[in-house]
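Below is one structure; the comments refer to it alone.
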Protein chains: 2
Amino acid sequence: MPRPSKPLISRAATVTASLEIIDSEGLEAFGLPRLAKHLGVRPPSLYHHFSDRSEILSAVAHEIIGATPMPRRRPGPDWPEYFVTFGSNLRRSVLRHRNAAPILLQHLPHDTLTERYEEAAAFLEASGVPARLHIRILLGVERLALGAALVDAVRRPGTGSALSPRVDPATRPTLARALAENEATSGQLFEEMLRNFLRGTTADEIESV
Amino acid sequence: MPRPSKPLISRAATVTASLEIIDSEGLEAFGLPRLAKHLGVRPPSLYHHFSDRSEILSAVAHEIIGATPMPRRRPGPDWPEYFVTFGSNLRRSVLRHRNAAPILLQHLPHDTLTERYEEAAAFLEASGVPARLHIRILLGVERLALGAALVDAVRRPGTGSALSPRVDPATRPTLARALAENEATSGQLFEEMLRNFLRGTTADEIESV
DNA sequence: ATTATCTATAGATCTATAGATAATGC
DNA sequence: ATTATCTATAGATCTATAGATAATGC
């Protein structure tokens, strides 16, 4: 059937199918033949919608980051909570597709992130946070969120606990003790880390202003 | 020449050669045939030293992280500087081989990291930092360092400046202003971010103790 | 005329194994 | 006997292009 009445392929369906493969079978399983099969078409047909393989991967990365909701919150003195929410949302978006983490690194969608940072910067301004802190806050939250997400993504299992791959108390006694001391899940730790970072970043100003 | 007098291949030489290829030609260029050529041998000979391709990549990841020096510093009240150094060293190790970032994600050498965390945890204990903060500090520094390194690794060029891929002042006015406000290099920002994180993490304790 | 699929296929490439061979070291 | 290379090769696999074909929409 050379041209179907209704198109069989769309960009959105291709991205969804790619993520389904990567989520359930791993990044190694991804390839054009595999993807085409999942869509019920032949591999060359994909080239009608994407110029090459890497364009598909970029669209996938774009989709993962683009699914991050922005916080709905009014500017004001409790502005740090906006960033706790933002960071957590970003982290969660990445972790939702943990097998895709390396793709995200190679095709980090700067435009999508930049769009969000513009909104966040405007929020900071409206909250009266000093301009010299803006970049520090934006980049700090980004790095904590992506760092936490990528590291968590890679420590495979869905254990809520913080450092997953069993630490041997015989050879790492101090670290094992530190882990035993901790009761928070890695999500809770992450929020706390964000709050602490924000508190430390504004510590000088708050006293001096 | 079926067996040479002196072995042509060693694990260390293989890892070095791999990094040379990845650093200068990119991750895509890496492969067993390419690697073998660089070492002056035939591809199958590599299987005498590694069980498969993925074992080579693990060794590469191990080498990158393993090259991170631990701070030489005595425990004491200025213990946060130990972690500023540690974080910076870790970040620098990763950035030294930025093209290898995706490998690092897929083959993160937990053992090598764990070894270092054990030492750092002992340092915290010796400095009298409360045990419940240990995991928060270790994981926070790890995530900031890896997050910063991976994100920087991916924002290609060696510009010292913070957010590289040109932000358009027309469409992102607030963000552009925030960037203009900033004079620090991403290395400097990173150290500051670490200090602020550590300050925020200990803020409660310092008053209460 | 354009669009969205298909078939066929070039061509590259890669991972891994089997089995031969000669140097080494006990 | 063991070690470290080689040659030869199976076999899979993948990306991308060329050209045919039929449905669509102007």
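Just so it is clear, the model here is predicted, and its values are computed rather than measured. The sequence lines fix the lettering, A, B, ..., with proteins before strands; numbering per chain opens at 1.
The only member of A/R98, A/R91, A/R96 that meets salt bridge (charged side-chain N to carboxylate O under 4.0 Å, His left out) when paired with A/D152 is A/R91.
Annotation: the span from B/M193 atom CE to A/I137 atom CD1 amounts to 12.0 Å, rounded to 0.5 Å. The OG1 atom of B/T85 lies 8.5 Å from the CZ atom of B/R92; values are rounded to the nearest 0.5 Å.
Separating the OH atom of B/Y47 from the P atom of D/dT7 is a distance of 17 Å, rounded to the nearest angstrom. One can place NZ of A/K37 at 15 Å from P of D/dT15, the figure rounded to the nearest angstrom. Between the CG atom of A/L8 and the C1' atom of C/dA4 there is a distance of 8 Å, given to the nearest Å. We find that CZ of A/F50 is positioned 16 Å from P of D/dT17, with the value rounded to whole Å. Atom CZ of A/R42 and atom P of C/dA8 are 9 Å apart (whole Å). If you take CD of B/E55 and P of C/dT15, they are 14 Å apart, rounded to a whole angstrom. For B/R34 and C/dT15, the CZ to P distance is 13 Å, given to the nearest whole Å. Taking atom CG of residue B/L39 and atom C1' of nucleotide D/dC6, one finds them 15 Å apart after rounding to whole Å.
The listed nucleotides are C/dA4, C/dT24, C/dT7; the one nearest the side chain of B/S5 is C/dT24. The A/H49 side chain lies nearest to C/dT5 when the options are C/dT5, D/dT5, C/dT15. Side-chain proximity of B/D52 to C/dA16, D/dT7, D/dA16: nearest is C/dA16. Residue A/H48 places its side chain closer to C/dT5 than to any other of C/dT5, D/dT5, D/dT7. The nucleotide whose nearest atom lies closest to any side-chain atom of A/P4 is, among C/dA4, C/dC6, D/dA16, C/dA4.
Between A/R177 and A/E181 there is no salt bridge, since none of the side-chain N atoms of the basic residue sits less than 4.0 Å from a carboxylate O of the acidic one.
Pair check for C/dA8 finds D/dT17; Watson-Crick or G-U wobble, both atom distances under 3.5 Å. Of the nucleotides present, D/dA23 is the one that pairs with C/dT2 by Watson-Crick or G-U wobble criteria, both distances under 3.5 Å.
Where B/P44 and B/K6 each meet DNA chain D at their nearest nucleotide, the meeting point lying more 5' is that of B/K6.
Nucleic acid contact for A/P43: none, since no nucleic acid atom lies under 4.0 Å from a heavy atom of the residue.
Using cut-offs of 30° and 60° for the angle between ring planes, the A/F86 and A/Y117 rings count as perpendicular.
Close to C/dC14, at under 4.0 Å from its OP1 or OP2, lies no side-chain N or O of B/R53. Distances shown here put every side-chain N or O of A/S45 at or beyond 4.0 Å from the OP1 or OP2 atom of C/dA4.
Side-chain to base pairing of A/R3 with D/dA23: one donor and one acceptor N or O lie within less than 3.5 Å of each other.
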